[in-house]
Protein chains: 2
Amino acid sequence: MNVRHLTFRLLQVYVVVVRSGSVSEAARQLHLTQPTVSQQLKRLSEAVGEPLLHMRRGRLLPTEAGRELYRASREVLGRFDDYRDYLEALRGGERGRFSIALVNTAQYVLPRLLGPYSQAFPDVDVTLHIGNRRQMLTRFERQDDDLYVFSHPPSLVHALAGRFLRNPLVVVAPQGHPLAKREAIAMNELLGERFLLREPGSATRMMFESWLQEHGLSLGPTLQMASNEAIRVGVAAGMGLAVLSEHVLPPEHPDIAILPVTDFPIESHWQFIVRRDRRLPHAAQGFLRFASGHLGECVQPRFLANELARLLADLDQ
Amino acid sequence: MNVRHLTFRLLQVYVVVVRSGSVSEAARQLHLTQPTVSQQLKRLSEAVGEPLLHMRRGRLLPTEAGRELYRASREVLGRFDDYRDYLEALRGGERGRFSIALVNTAQYVLPRLLGPYSQAFPDVDVTLHIGNRRQMLTRFERQDDDLYVFSHPPSLVHALAGRFLRNPLVVVAPQGHPLAKREAIAMNELLGERFLLREPGSATRMMFESWLQEHGLSLGPTLQMASNEAIRVGVAAGMGLAVLSEHVLPPEHPDIAILPVTDFPIESHWQFIVRRDRRLPHAAQGFLRFASGHLGECVQPRFLANELARLLADLDQ
DNA sequence: GCGTCATATAGATAATTACCTATAGTAATC
DNA sequence: GATTACTATAGGTAATTATCTATATGACGC
């Protein structure tokens, strides 16, 4: 038997013939002419190298080899029906896998979206990669992931972006700081204080530094800490001031005060970035659809900035 | 996805590509050129309607859809490998089914052959149809069975025959019958006795009657019984004489005597008949091969008349 | 930046396939 | 034994496939 010349079409035809016990009937069901079906059977029989059917009192019955071929054909066609279902689920975004690369700060808020999404799509595997801005840029360059979350995206020549959340950066001080009661503060009043800063390569630090540069200011003493958490705790403990994403603060923060510094908060938006030179998995697209539809339910209204519908529309072109 | 355009060849190629992670390497393994393989992949991908492979750090890796297609392909190709094994067994006669139609008398001896055969080929299904000559002729006309056992076969225009066993018909009487001690008896001395006969349509009866006709004799009183067993028991009980196949008598038969009638025993041979207008199942042919090789071990030497080798040779043409 | 891989695309061709129509041959039916 | 329904065969055609060679394109290492 030479498997090489077997076609799925041939098996389909064969199955119909065996089921109906008649070449003519099969031809009718398949919208073919009878000679066509006869000929296909002949080809199939040649590929197998055995007679498959024989006439017995007016009905075509499979031979021994034919009976087993019928079984094999049913199984094989069934397997590919399953595969078609799988593809369907894949295309619908109900199934599959994708990965998201996040800048550190975004990890405080993305789970709000991913939690409900995973509930709704339990068959999708999501992989999260978290790091600072510089690390995420490297991943982006290497095309490691399907989705990226940045506040200030890199060049978008090969990518599309869609904002989804406000990311205001505020100046924080320990509760009870002398300036905390003031109505308005100018940044240069704070330059004498020690500032706790993230490492170079962090997005938050980058944004703060470019803000300072725009305003012609430069910091006094600083202290570097590699995580938002550490900084938040450090500020609460009176180690100094800091500029942090509001998302980093817990809903209640009795030991930390937000200072009303002029020209603050620094406004920025998180956005999903999608490379255009890499095929977006259906599941990732499904996630964006989900995010677009359910963002309102997942985050506080004051942070809402949902422009994902436009991103989705752009993707479809 | 359109299953209709899927070829097993396409899946074979695809599997090799996924396994080797390289189009060029797959081409080498398949003795094809690289563009050929590329094109096949393209076709396959079009049939599926999804990208199947993508480059990742110098290696071709399957996408989600591709991974599942690989699984499906392996299963499906494996299923047909199994089918090929099955065919192999079928062709070797190790597997399958066939039917034999027997005249009644032969049922005393055929199990000697079928027993060892079934031991040797446990995966072959044998169906036995037993009846008198007339019934077997009908089955033969209708082409109901794969093998037939006759002593006097019907027309052989559409069939081949091969003798395998002597079938001597002898005159039997109850032990202690007055003539049992004689050295030779003429049949006409017995015509006054009552003869127990099989029904019309029986081969034994037919042979006996044509023997009588040839010798210009006719029977006196008769009594008809539809089975050899019944006749044997009847003779032992003194109901009369009979002509029976020697095979019908058990090896030891203290209550029955074989009379040394002149021109007896009537010689005939059982033979296997194979229709030429019906494909002989491999298993049936395997049985004939087995019979040809093992007949000597299965029956008493004095009955041996094995011409099956010639039949097998004729079959191969 | 320049070879060296590998892959993709283009263009060509012989073989095969998927159908068809027309017709001949067979088997069941009455 | 004529009718009818079915299957097989022959012959034809457009489409598709399998394969090649030649060439363009792209990524990777030094």
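Chain identifiers are assigned alphabetically (A, B, ...) following the order of the sequence lines, protein sequences preceding nucleic acid strands; residue numbering begins at 1 within each chain. Just so we're clear, the structure is a prediction, and the values are computed from it rather than from any experiment.
Under 3.5 Å, the side chains of A/His54 and B/Arg279 contain no donor-acceptor pair of N or O atoms. A/Gln34 and A/Ser38 share a side-chain donor-acceptor pair at under 3.5 Å. With no hydrogens or angles considered, no side-chain donor-acceptor pair links A/Arg79 and A/Tyr83 at under 3.5 Å. Side-chain contact check for B/His282 and A/Glu50: at least one donor-acceptor pair (N or O, by modelled atom type) lies under 3.5 Å.
Rounded to whole Å, the distance from CG on B/Leu6 to C1' on D/dT16 is 15 Å. Atom-to-atom, NE2 of A/His54 to P of D/dA8 comes out at 13 Å; the value is rounded to the nearest Å. Residue B/Leu41 contributes atom CG, which lies 13 Å from atom P of D/dT19 at whole-angstrom precision. Rounding to whole angstrom units, CG of residue A/Leu61 and P of D/dC6 are separated by 16 Å. Counting to the nearest Å, the P atom of D/dG26 and the CG atom of B/Leu53 are 19 Å from each other.
Taking the six-membered ring for Trp and the full ring otherwise, B/Tyr148 and B/Phe272 have centroids separated by 6.0 Å or more. Ring centroids of B/Phe121 and B/Phe287 are separated by 6.0 Å or more, keeping the two rings apart.
Remark: B/Arg275 is positioned above the aromatic ring of B/Phe140, its terminal NZ or CZ atom under 6.0 angstrom from the ring centre and at most 45 degrees off the axis.
In summary, B/Asp81 and B/Arg84 engage in a salt bridge, as defined by a charged side-chain N under 4.0 Å from a carboxylate O. A/Arg43 and A/Glu46 are not joined by a salt bridge, as no carboxylate oxygen comes within less than 4.0 angstrom of a charged side-chain nitrogen. Residues A/Glu64 and B/Arg97 are paired through a salt bridge, judged by an N-O separation under 4.0 Å between the basic side chain and the carboxylate. A salt bridge is absent between A/Arg95 and B/Glu68; no separation between the charged side-chain nitrogens and carboxylate oxygens falls under 4.0 Å.
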Enumerate the protein-to-nucleotides 26-30 of chain C contacts in which both atoms are nitrogen or oxygen and the separation is below 3.5 Å.
none

Where along nucleotides 15-24 of chain C does protein come under 4.0 Å, by heavy atom, of base (B) or sugar-phosphate alone (S), with - for untouched nucleotides? --SSBBBB--

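With DNA chain C read from its 5' end, the first of the two nearest nucleotides for B/Lys42 and B/Arg28 is the one closest to B/Arg28.
Helix bend of the helix from C/dG1-D/dC30 to C/dC30-D/dG1: the angle between its two end axes, each built from five pairs, comes to 40° after rounding to 10°.
Side-chain atoms of A/Ser24 lie closest to D/dT7 of the nucleotides D/dT7, D/dT9, C/dT7. When distances run from any side-chain atom of A/Ser38 to the nucleotides D/dA8, D/dC6, C/dT7, the shortest one goes to D/dA8.
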